[in-house]
Amino acid sequence: MRDLIERLYREHTLPPDKLRILLTQCDEEHLTLIRQKACEVSQKHFGNKIYIRGLIEIGNCCHNDCYYCGIRRSNSHIERYRLAKEDILACCEEGYNLGFRTFVMQGGEDNRLTDSRMIDIISTIRKTYPDVAITLSLGEKDTRTYQQFYEAGANRYLLRHETHNEQHYRLLHPSGMSLSNRLRCLNDLKQIGFQTGTGIMVGSPGQTVDHLIEDILFIESFRPQMIGIGPFLPHHETPFSDRPAGRLQQTLLLLSIFRLMHPQALIPSTTALATLLPEGRELGILSGANVVMPNLSPPQQRYKYALYDNKASMGAEAAEGLKLLDDRLKAIGYAIDKSRGDYFEETTI
Ligand code: 5AD
């Protein structure tokens, strides 16, 4: 096991059979070792700096019906909302004043949020704040729409593939959604020039070690600039309400594996991990993550963007709690970095 970890650290890759050993036989002692190695790598590239992204949840209306997600169409028990352009701009203003230089606009797949409205919002933010990075996380769109979002001034796009296994994808999503379209989207985004993020939920219903290996290999070949990894957490109004949450140890192990395989990737310590347990955010960072995404949405709307139960959005998870976040990061030897934090590939000559 120790040799495998050393090899992953040195070569940034492992064959599938070795990944299987790592995923199935990693005990406490070796988890500690791989997390130390992952931190060593992130510190080499990013020092003790953690990038911050201001997360604006622009609406929870969604025409999709993903079985795991609390804002799925069939959930008739949530109050739906859609932020107006002015609300979004107010979030940006507050965020900019707090020091954020990346805004992430995330929302459900909402037909009423038309491309032209979105393009107008993106270009206004681009004009108002020429120095910020604009990240979108709005799901599957057609190629032309992505192109127009990019031309309007968006720089980055987050779209988790969720699972790279066809059957598993069908278990998590209703018919009408397909892995092939998800992958088409990811390829488009990269081709267009977006810094592109993808990723999975750890411990999603039906996920096996084989699936995880497929995911690791897909991410290795796709080489995303961002990798989002968080535990699956059940939501009481979904078909998966009684499924167990993803495991902490497995989530930390995967974070470390991704850090060792993708030394320069931007890897957030996710809200889901911070929701799983109070010190989750710190444990993510101490497993190789180098980004946090505090919530910049209007506080009175936050509870409505419930992808899973008890989603953290206050305290150190809130944009207005930046000081608290910084204190907590300092307590583990890290500090907030307020720069844009673009992906930067060091080339070896
Ligand atoms: N638990 C954890 N993560 C979830 N997401 C959606 N629902 C859940 C859940 N129940 C994640 C998905 C999606 C991202 C926006 O949130 O991976 O891509």
Side-chain angles (χ1 to χ4, degrees), residues 53 55-75 77-78 104-110 135-141 156-165 168-169 171-174 177 179 181-183 185-186 189 196-207 211-212 215 218-219 222 224 226-248 250-251 254-255 258 267-277 280-281 284 291 293 295 297 302-313 317:
R53 320 299 196 194
L55 179 64
I56 308 171
E57 293 153 340
I58 65 172
N60 66 357
C61 304
C62 191
H63 61 247
N64 278 334
D65 218 16
C66 309
Y67 301 135
Y68 46 84
C69 183
I71 65 168
R72 63 198 301 265
R73 185 183 64 215
S74 297
N75 183 2
H77 293 92
I78 55 166
V104 182
M105 284 185 276
Q106 183 173 93
E109 291 191 22
D110 177 6
T135 305
L136 304 177
S137 177
L138 301 170
E140 298 179 358
K141 305 280 174 193
R156 308 180 188 148
Y157 205 103
L158 304 175
L159 181 66
R160 291 188 182 173
H161 65 289
E162 315 294 359
T163 173
H164 195 260
N165 179 276
H168 189 217
Y169 196 91
L171 198 127
L172 298 177
H173 304 96
M177 292 183 73
L179 177 60
N181 194 50
R182 187 61 61 103
L183 298 178
C185 290
L186 284 167
L189 290 163
T196 305
T198 195
I200 59 164
M201 293 175 284
V202 178
S204 62
Q207 185 180 66
H211 298 153
L212 288 173
D215 290 322
F218 163 66
I219 291 178
F222 185 68
M226 289 92 79
I227 304 173
I229 302 294
F232 160 76
L233 298 171
H235 184 288
H236 66 285
E237 289 289 349
T238 65
F240 293 151
S241 58
D242 58 356
R243 301 302 181 101
R247 283 173 36 234
L248 173 70
Q250 185 86 318
T251 307
L254 280 155
L255 281 171
F258 284 117
I267 303 181
S269 185
T270 56
T271 305
L273 186 52
T275 302
L276 186 66
L277 79 171
R281 188 184 310 94
V291 173
M293 300 170 67
N295 199 313
S297 310
R302 280 180 204 168
Y303 74 95
K304 297 179 196 164
Y305 199 81
L307 305 180
Y308 41 81
D309 289 335
N310 307 314
K311 182 168 148 272
S313 65
E317 204 58 34

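Read the numbers this way: they start at 1 and go in the same order the structure lists the ligands and their atoms.
Listed by number with element, the atoms of ligand 1 under 4.0 angstrom from any heavy atom of Glu162 are 12 (C), 13 (C), 17 (O), 18 (O). Short contacts between ligand 1 and Arg160, defined as distances under 4.0 Å to a heavy atom of the residue, involve ligand atoms 11 (C), 12 (C), 17 (O), 18 (O).
Salt-bridge annotation for Arg302 and Glu57: absent, with no side-chain N of the basic residue lying under 4.0 Å from a carboxylate O of the acidic one. With salt bridges taken as basic N to acidic carboxylate O contacts below 4.0 Å, none links Glu109 and Lys141.
Each salt bridge (Lys or Arg N to Asp or Glu O under 4.0 Å) pair with one or both residues in residues 232-242, not counting sequence neighbours, would appear here, but there are none.
Between Arg182 and Tyr169, the closest side-chain pair of non-hydrogen atoms falls below 4.5 Å.
The protein non-hydrogen atom at the shortest distance from atom 10 (N) of ligand 1 is Leu233 O, 2.7 Å. From the protein, the heavy atom lying nearest to atom 3 (N) of ligand 1 is Met201 SD, 3.5 Å. Nearest to atom 7 (N) of ligand 1 among the protein's heavy atoms is Tyr68 CD1, 3.4 Å. Nearest protein neighbour of atom 16 (O) of ligand 1, counting heavy atoms only, is Leu307 CD1, 3.5 Å.
In this structure, Pro231 is part of the shell of residues with a heavy atom less than 4.0 angstrom from ligand 1.
Judged by distance alone, the side chain of Asn60 and the main-chain N or O of Tyr305 form no donor-acceptor pair under 3.5 Å.
Side-chain contact annotation: Thr271 with Glu317, donor-acceptor N/O pair under 3.5 Å present.
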